[in-house]
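Report on the following structure.
In what follows, chains are A, B, ... by sequence order, proteins preceding strands, each numbered from 1.
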Amino acid sequence: MNAYGEDSNAPHGRHGPGDGPDPAPSPGPARGGIAALSAPCRVVAALVLAVVAVAACVHLGMVFLHVAPSNTVSKQHAQAIDDWIYPEFEQNWKLFAPNPLQQNIAVQVRAEVGTADGGTRTTGWYDLSAEDGRAIEGNPVPSHTQQNELRRAWDLYGATHDGDNRPVGLRGALAEQYLRRLVVLRLDRSRAAGAGGVVERVQVRCRITDVPPPEWSGEKARGAPVYRLLPWWTVPADEARGGVR
Amino acid sequence: MNRLAPSVSRGIGRVTEAALGPHQSAVIRIGFSVTWLLFLLREFPHRQELYGPDGPWSRPLAQQLISDNGAFTALMWFGGRFWFETVYALAVLVSLLLALGWRTRTMSVLFMVGVLSLQNRSVFVGDGGDNVLHLMSIYLVFTRCGQVWSLDARRAARVRAARARGERMPDRAGPVLWGVLGLFLAAVTAAGRLEGEWFVPALLWTVWLGQALWWAVGRWARSAQPRLLLDVVADVVHNGALLVIMAEACLIYATAGWYKIQGSRWQDGTAVHYPLHLDYFSPWPALAGLLSASGTLVMIVTYGTVLVQVAFPFALFNRRVKNVLLAAMMAEHAVIAVVLGLPFFSLAMIATDAVFLPTSFLRRLGRWASRARARLSRRGGRAPVVDPRAPEDTEPAHVGFPA
């Protein structure tokens, strides 16, 4: 196996004896690429060269149209571009662009807990993003669980729901379950249910605070944080302990 | 037309006679595999939450999304904790072996399988760094990235030396690895687990069959021609992939830069202030405060970032300008690693940048590394490991990038 890997050694040996496990006698140090080949082999090599060149150009063209703003060509060939790009070549390089995010978005959750004595109580708000922030502070290698998981779960929810919190498409339904499972996991870690209690319902909200403009800019900071409150979600019984612990 | 023809034929000669940029392809191989290895080790305590069957993005959720988008992930082939742990452990092992350059082509395929399996299983936990690794792990499969700085290169040198003495060094590990992986691939295919898009499964089978062909031709071909042909094919594919990798890097910078130009904050020179004050990207608030204390400094960094990103693709036409911008970009990514708390994103970007490093610099790096290794092994009481022909000294003068 590994024929390719095997031969990937210093170029001097490539046509010589370094190649296969037991190759034929060395053809000598002849190098010269396509020029060293016999006519039929040369045809095959030329064909391969053409295919590779075309494939590379088409691929780069498709990637370009995928990352470029929507334009005449990409609108005309939207289907072909998507077919080529998705799922494995999807990409997004609008890194902090066109404008960097200028708001701190904190995801918070509270729970309705069924207590051991048969009653219910509602917990206070847990600021999960603040927990993430504390885990990131002073941490040279923040984990994806601290930096991306909740942040992107919320982004996904926002991107797949309308203003009335109605899910849009398959991803909307998935995003809701994902966010619910995630906050239940986090509540479980904080032991929000208390001894003998069970989390029965959860409610998520987010607090959006503008990052204050730099002092030297002379811009005025905007006022109080804005909240977005989601409806209460019922937690299925088998999910209440949060899966991974 | 008269001048065009010879230069076209010279170009065809170049891309068919050698896998260009052996040092550049080796350094990105090491860069990407080490980045992914460190990431996997860092997330080891969190692996269940991120990618495990009972994580918040549970197996049923992943199943629904994957049956919709057709992405490749070996994690969905079987359920349960055991398979997950196996895949994760193998992903770690394969990253290490790819960095070392052991059976490079096979490891690059398995590396891609590991990266895609974990990332496609949980697409919503990644960031730009994951995106870079995702693409590059696919592109690496097409390259001959183990020509230098690899165990493969060392083994090939030994085989050559043995042959010069008239001895034979039979290869046992290769056929065994090929057989085991082929059996597994066949079993998974027969069981109908290789669903989704055709691209990755087709790639797996193509490489597997290609290796069989390579081995068979090396062993049984009567004339040298078939082997020379396969070699040319491998070189052409490598060169195409290297072009794609470099162009992809340019697209990343161009996109990042040109979109920024449209943003009001990048225009008014305050953009850099904002990420420094996002709770999710400020592990060192005091440092961030220090960096954004001066409006002039923030403005210079803001404009400088856009300038470098937009200019980079064009700078490739001038070697000296390119090297200056490359150094600036690597430095900026190193700063981002610390200040914004994005070490793996930054490492992946630095590894991408490394494809543009000049050959002379990489050779110096190689010599420096082998001297350091020799010194280390002397101190460890062992005899210094000196290859009779260190890989970096076996390069013919014309191999490598002009820049």
Cut-off 4.5 Å, heavy atoms of chain A, and the answer for B:L65 is both
What one should report as the nearest heavy-atom pair of A:A36 and B:L228 is O-CD1, 4.1 Å
query: Do we see a donor-acceptor contact under 3.5 Å between the side chains of B:Y280 and A:D132?
result: yes
Honestly, the part of A:A55 sitting under 4.5 Å from a heavy atom of chain B is neither
- Answer yes or no: is there a donor N or O on one side and an acceptor on the other, between the side chain of B:H134 and the main chain of A:E88, under 3.5 Å? yes
Test item: side-chain donor near acceptor, B:D279 and A:S129, under 3.5 Å: no
The interface call for A:W93 against chain B, heavy-atom contacts under 4.5 Å, is both
Exercise. Is there a donor-acceptor pair under 3.5 Å between the side chain of A:T145 and the backbone N or O of B:H46?
Worked result: no
Residue pairs passing the salt bridge (charged side-chain N to carboxylate O under 4.0 Å, His left out) test with at least one member in residues 133-161 of chain A, sequence neighbours excluded, are none
Cut-off 4.5 Å, heavy atoms of chain A, and the answer for B:L116 is side chain
Under 4.5 Å to a heavy atom of chain B? For A:L156 that would be side chain
Notebook entry, point to check: With ring centroids as reference points, do A:F89 and B:F199 lie under 6.0 angstrom apart?
Noted result: yes
Q. Between the side chains of A:N104 and B:H277, is a donor N or O closer than 3.5 angstrom to an acceptor N or O?
A. no
Heavy-atom closest pair (B:W266 atom, A:F96 atom, distance to 0.1 Å) is NE1-O, 2.9 Å
Bottom line for B:R265: the part with an atom under 4.5 Å from chain A's heavy atoms is both
Those residues at least two apart in sequence (or on a different chain) that pass salt bridge (Lys or Arg N to Asp or Glu O under 4.0 Å) with B:E49 are A:R189
* To do: Assess whether side-chain contact (heavy atoms from CB on, under 4.5 Å) is satisfied between B:V132 and A:Q91, documenting all intermediate values.
  => CA-CA 8 Å; B:V132 172; A:Q91 48 201 293; over 6 Å; no
Among A:P142, A:G133, A:A56, the residue with the most heavy-atom pairs under 4.5 Å to chain B is A:P142
Under 4.5 Å to a heavy atom of chain B? For A:V67 that would be both
- Under 6.0 Å between ring centres, would you say that holds for B:F39 and A:H144? yes
Okay, A:Q146 and chain B: the region with an atom under 4.5 Å from a heavy atom over there is both
When the 4.5 angstrom heavy-atom criterion is applied to A:L179 and chain B, the contacting part is neither
The interface call for A:L182 against chain B, heavy-atom contacts under 4.5 Å, is both
### Query
When you check the side-chain N and O atoms of B:N131 and A:E90, is any donor under 3.5 Å from an acceptor?
no
